[in-house]
Student: 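Attaching a single structure in structure tokens format; questions to follow.
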Amino acid sequence: MNVDAGTMAPTEHGECFVLSDGGEVDLDLGNYERYLNITLTRENNITTGKVYQQVIERERRGDYLGKTVQVVPHLTDAIQDWIERVAQVPVDETGEKPDVCIIELGGTVGDIESAPFIEALRQLRRRAGKDNFMQIHVSLVPVISGEQKTKPTQAAIRDVRSAGLSPDLIACRCPQPLQPATIKKIALFCDVNNEQVIAVHDVNSTYHVPILLDDQKLVELLTTTMSLDKIEIPAAYIKKGKALWKEWRTLTLAQDRLYDTVTIALVGKYTDLHDSYLSTVKSLEHSAMHCNRKLNLVWVEAEALEPAVNASDPAKFHKAWHDVCTADGILIPGGFGARGTEGMVAAAKWAREHKIPYLGICLGMQVAVVEYARNVCGMKDAHSVEISAETPNPVIIFMPEGSKTHLGGTMRLGLRPTVFQPGSEWSKIRQLYSEAGQILERHRHRYEVNPEYVDRLTEAGLNFVGKDDTGERMEIVELKEHPYFVGVQFHPEYLSRVLNPSKPYLGFVAAASGNLERFLHPEGEVLTNGDVSP
Ligand code: GLN
């Protein structure tokens, strides 16, 4: 029933993904952007809350002209119209209307919540025409005492059929490759051909999944079921697609042969659920692949670094510090609220003093500023007002335009420019992005560096190398005499791609791997994922 993912705790549902238009959406949208190299809008995420909100608003306006408003047809029509509208919106640099729209219906067949959506899709199949619609059913094939069990799949397909839909393809999630006998059994009892049953078994990394699907002739099946060969695709696109596919395969398969590792300590507060930091982890993975390193990610609960909290559990405290002190790089991701922030400040201090590569994202940048103010500028009580409202030295303050009464959709959100400041040519982060004067990255925050403290911090050596286009808002901090100490107010992880990793992450992992020089472009010849137009 949530209208968007913005007000949901990351520990409950995983990270809130942020789109260029500022939409706060389900993390699945991030997977689609990353895998398909597309840019989506908030309209691409339909939730029950959102579609009911639309229908109720229409009812209040009197749009239904006295009719009784019902789930069928009003809600189901609204869902279909929404999908048809969104399917027309260009999503890539060609600016052209897409040829294919992928609709992911979350949940499980039989869920009360998904019933109106299933009915809407049944009707949409009629609207689109049978040859323009393909239904893929994802099902679990558990292995019990070594035996692959097909009953859950059979039962699920029966449920889908009783709702009026019939799968064209059954994708079976299984820990191991499907045995030919399992495929045959599913085909027989679900009444499809053997080719319509494909195995999505566990593989080394999610980057291997497209290769697995290609090996099972998924492209051929998609082409025949939806007559995709009738679409005229310009030769240049085909050439580009083939080159991308080759690059993807090479990079993914090379990963299997890597021995050297890079150890990154992620010091956060939502570490119990790793999906809370999904895009951050993906960006580290993308970067490690390009640095020829296996990523060894170590999760550190920020609170465990605080002596006061762990007085009764010294082993936990020492283990956490061991993980921080032995890491090649320390990352502090985004977050909200006070819990764990003192542990984060301590980790940032360690990274600064011991010249360990550091990347601070959003809260991680704010923490680095607090640490610098306290331990270098001598403002012992410096803090963020998010954590200590009464601090005498509020180095991080509430942004004037924010709402203090409404939490939904009221942060500074979406794609915004950062301008590199004159005299920052030495900056590693600038050289990573190339020397381009301006970059665009996605934001999600309520607090910011207090402009009144910028001069003092700068004089003490903390460089604000990137600011927003008004020059009032601090976007990037960096230390000069350090292998890599960077804090960014934005979230570059939302624009990272396998074949084009996010620059702040790439620089960080490269510095932690000892090969940062390879990625610096003092002449400014490369400008990639920071250069996405709104
Ligand atoms: N809580 C901080 C703010 O609102 C940081 C937000 C974040 O890390 N996304 O500014």
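Order of appearance sets the numbers: ligands from 1, and atoms from 1 within every ligand.
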Student: Would the distance check show the side chain of W299 and the main-chain N or O of L266 forming a donor-acceptor pair, the cut-off being under 3.5 Å?
Tutor: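 Pair absent, no side-chain N/O of W299 close to backbone of L266.
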
Student: What pairs with E353 under salt bridge (charged side-chain N to carboxylate O under 4.0 Å, His left out), at least two apart in sequence or on another chain?
Tutor: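 Partners of E353 under the salt bridge (charged side-chain N to carboxylate O under 4.0 Å, His left out) test: K349.
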
Student: For A288, does its backbone N or O pair with a side-chain atom of R293 as donor and acceptor, under 3.5 Å?
Tutor: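 Checking the backbone N and O of A288 against the side chain of R293, no donor-acceptor pair under 3.5 Å is found.
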
Student: Taking I330 as the fixed residue, which of V300, L359, I356 is the one that meets the side chain to side chain contact (heavy atoms under 4.5 Å, CB included) rule?
Tutor: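 Result for side chain to side chain contact (heavy atoms under 4.5 Å, CB included) with I330: I356.
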
Student: Under the rule for ring-ring contact (aromatic ring centres under 6.0 Å, His included), what residues qualify as partners of F485, not counting sequence neighbours?
Tutor: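 Partners of F485 by the ring-ring contact (aromatic ring centres under 6.0 Å, His included) criterion, ordered by chain and then number, come out as Y358, H482.
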
Student: By the side-chain hydrogen bond (donor to acceptor under 3.5 Å, both in side chains) test, which pairs, at least two apart or in different chains, include something from residues 41-50?
Tutor: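 Found T41-N44, E43-R85.
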
Student: Taking only heavy atoms of the protein into account, state which residues are under 4.0 angstrom from an atom of ligand 1, in chain and number order.
Tutor: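 These residues qualify: G334, G335, F336, C362, L363, Q366, E386, R444, H445, R446, Y447, H491.
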
